[in-house]
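I have placed the structure first, in the form of structure tokens, so that the comments after it can refer back to it.
Residue numbers start from 1 in every chain, and the chains themselves are labelled A, B, ... in the order their sequence lines are given, proteins ahead of strands. These figures come from a predicted structure and were not determined experimentally.
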Number of protein chains: 2
Amino acid sequence: MFKCSKQEELIAARLFELNKQTMPKFERCTGISQSRLEILRELFEAEEITQRELQKKVNIDHAAVTRHLKQLEEKGMVIRRKNPADNRFTYVSLTEEGKTKIAAYCEEKQRFISKILDGFSELERSTLLNMLTRIQENVDNL
Amino acid sequence: MFKCSKQEELIAARLFELNKQTMPKFERCTGISQSRLEILRELFEAEEITQRELQKKVNIDHAAVTRHLKQLEEKGMVIRRKNPADNRFTYVSLTEEGKTKIAAYCEEKQRFISKILDGFSELERSTLLNMLTRIQENVDNL
DNA sequence: GGTCAATTATTGATGCATCAATTACTATAA
DNA sequence: TTATAGTAATTGATGCATCAATAATTGACC
């Protein structure tokens with residue numbers, strides 16, 4: 001049949017378990033969810049962008065993006081405005097307050113990631129990234 | 001401003017992205033969620049086990065375990081009975097139907113994992129597993 | 001024996017993701 | 001110009017995870 005090695009199962013289990021444990025710790029350490037930080041980061045780099053483009057970049061469901069942005073707007077971190085030339089589109093951008101806050105979040109994130117990858121040499125990190133990329137490609141081709 | 005290596009961030013991003021994309025595909029391919037399959041698998045190996053022990057093994061919240069088991073019971077895959085010697089404990093076990101079904105699920109899972117790790121040599125898999133384990137340890141020590 | 005602490009399981013509230021349906025708008029073709 | 005198709009954003013329903021609070025049971029200690 002299609003017998004797969006015990007080792008392969010262990011790898012899959014670890015990948016799954018790793019994420020499950022890391023995600024909540026990330027939120028507790030940084031004070032923000034991974035998804036939301038990704039959105040903010042994309043906004044930081046893009047300056048101004050439509051929700052649609054943003055959604056494609058962060059690869060989260062439309063509905064989820066809308067809800068994140070609504071909350072971020074309430075907190076005064078982002079501003080939204082309709083595209084005057086095409087009212088279907090909504091431009092999103094960071095407020096000044098948002099820009100300063102995201103810097104702090106990103107620093108927290110970096111600190112967090114450094115701890116996670118503690119003890120890995122440059123070469124090892126390169127190897128790991130390469131492997132993860134290959135797995136990602138396999139997943140894409142399903 | 002951003003002072004942790006770009007590479008480290010890429011690794012973290014890939015780990016996160018990988019799981020986000022893999023999880024739903026796993027469910028579609030195998031017809032069951034990763035969490036639920038883990039529960040069934042544990043039950044398969046344990047024969048009969050208390051919910052509490054099961055919960056510790058699969059490392060999911062008590063409440064979630066209760067809800068999973070309730071649904072699995074409705075589907076006729078598991079049976080629950082109180083421990084007569086201590087009514088606080090509930091023993092859980094697979095039905096015969098459950099046992100046959102889980103075998104099929106596991107095969108699907110193996111097929112899925114094999115595709116995900118396609119192209120990896122024995123040595124590479126070993127290296128990868130080792131790295132993931134090290135990361136896991138780092139996460140544990142947070 | 002009766003009170004108190006500890007343990008298991010359940011339920012409720014909440015957060016976040018998805019899909020499906022809806023609304024609002026634009027562009028194109030008859 | 002009007003009907004139609006397509007796109008963006010929103011809202012609603014649902015699923016699954018967590019934490020917090022509660023109920024039920026047991027054991028220990030006075």
Would the base of C:dT18 count as contacting A:Arg67 through its side chain, where contact means a donor and an acceptor less than 3.5 Å apart?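 Looking at the base of C:dT18, it does pair with a donor or acceptor on the side chain of A:Arg67 (distance under 3.5 Å).
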Pair of N/O donor and acceptor under 3.5 Å linking D:dG6 base with A:Arg52 side chain: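 Result: no qualifying N/O pair found.
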For [N] and [X] - does any side-chain N or O of the residue sit under 4.0 Å from the phosphate oxygens OP1/OP2?
X       : N      : result
A:Lys82 : C:dC25 : no
A:Thr66 : D:dT10 : yes
A:Gln51 : D:dT10 : yes
A:Asn87 : C:dT26 : yes
B:Ser35 : D:dA17 : yes
A:Arg80 : D:dT10 : yes
A:Thr90 : D:dA8  : no

Taking all heavy atoms of [X] and all of [Y], pick out the closest pair and write down the distance.
X       : Y        : answer
B:Cys29 : B:Glu108 : O-OE1, 3.5 Å
A:Lys25 : B:Val139 : NZ-O, 2.8 Å
A:Thr95 : A:Gly76  : OG1-O, 2.8 Å

With nearest nucleotide decided by heavy atoms, which residue, B:Ala64 or A:Pro84, maps closer to the 5′ end of DNA chain C?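 Here B:Ala64 is the residue nearer the 5' end.
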Is the cationic atom of B:Arg134 (NZ for Lys, CZ for Arg) positioned less than 6.0 Å from the six-membered ring centroid of A:Phe120 and within 45 degrees of its normal?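 Verdict for A:Phe120: a cation-pi partner in B:Arg134.
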Write down the distance between [atom1] ([X]) and [atom2] ([N]), rounded to a whole number of angstrom.
X       : N      : atom1 : atom2 : value
B:His62 : D:dT22 : NE2   : C1'   : 14 Å
A:Asn83 : C:dC25 : CG    : C1'   : 12 Å
A:Lys56 : D:dA8  : NZ    : C1'   : 11 Å
B:Leu69 : C:dT10 : CG    : P     : 8 Å
A:Phe89 : C:dT23 : CZ    : P     : 21 Å
A:Ile60 : C:dT18 : CD1   : C1'   : 12 Å
A:His68 : C:dT18 : NE2   : C1'   : 12 Å

What verdict does the side chain to side chain contact (heavy atoms under 4.5 Å, CB included) test give for B:Leu117 and A:Ile11, after you've listed the backbone C-alpha separation in whole Å, the side-chain angles of each residue and the deciding distance to 0.1 Å? CA-CA 9 Å; B:Leu117 292 175; A:Ile11 291 171; 4.1 Å; yes
Considering only side-chain heavy atoms of B:Arg88, which listed nucleotide, C:dG12, D:dA8, D:dA24, is closest?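 For the B:Arg88 side chain, the nearest candidate turns out to be D:dA24.
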Is a side-chain donor or acceptor of A:Lys101 paired with a backbone partner of A:Met77 at a separation under 3.5 angstrom?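 Not a single qualifying donor-acceptor pair exists.
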Pull out every residue in residues 12-28 of chain B that has a heavy atom closer than 4.0 Å to any atom of DNA chain C, ordered by number, or say none.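 Nucleic-acid contacts, sorted: none.
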Does A:Asp61 reach a base, just sugar-phosphate, or nothing at all? Heavy atoms under 4.0 Å.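 Result for A:Asp61 = base.
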B:Asp86 near the nucleic acid: base, sugar-phosphate alone, or nothing, with a heavy-atom cut-off under 4.0 Å?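 Sugar-phosphate: the residue B:Asp86, judged by heavy atoms under 4.0 Å, touches backbone atoms but no base.
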Hydrophobic side-chain clustering at under 4.5 Å (ILVMFWY, transitive links): who's grouped with A:Phe16? Put none if nobody.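 B:Met23, which link up through side-chain heavy atoms under 4.5 Å apart, make up the rest of the cluster.
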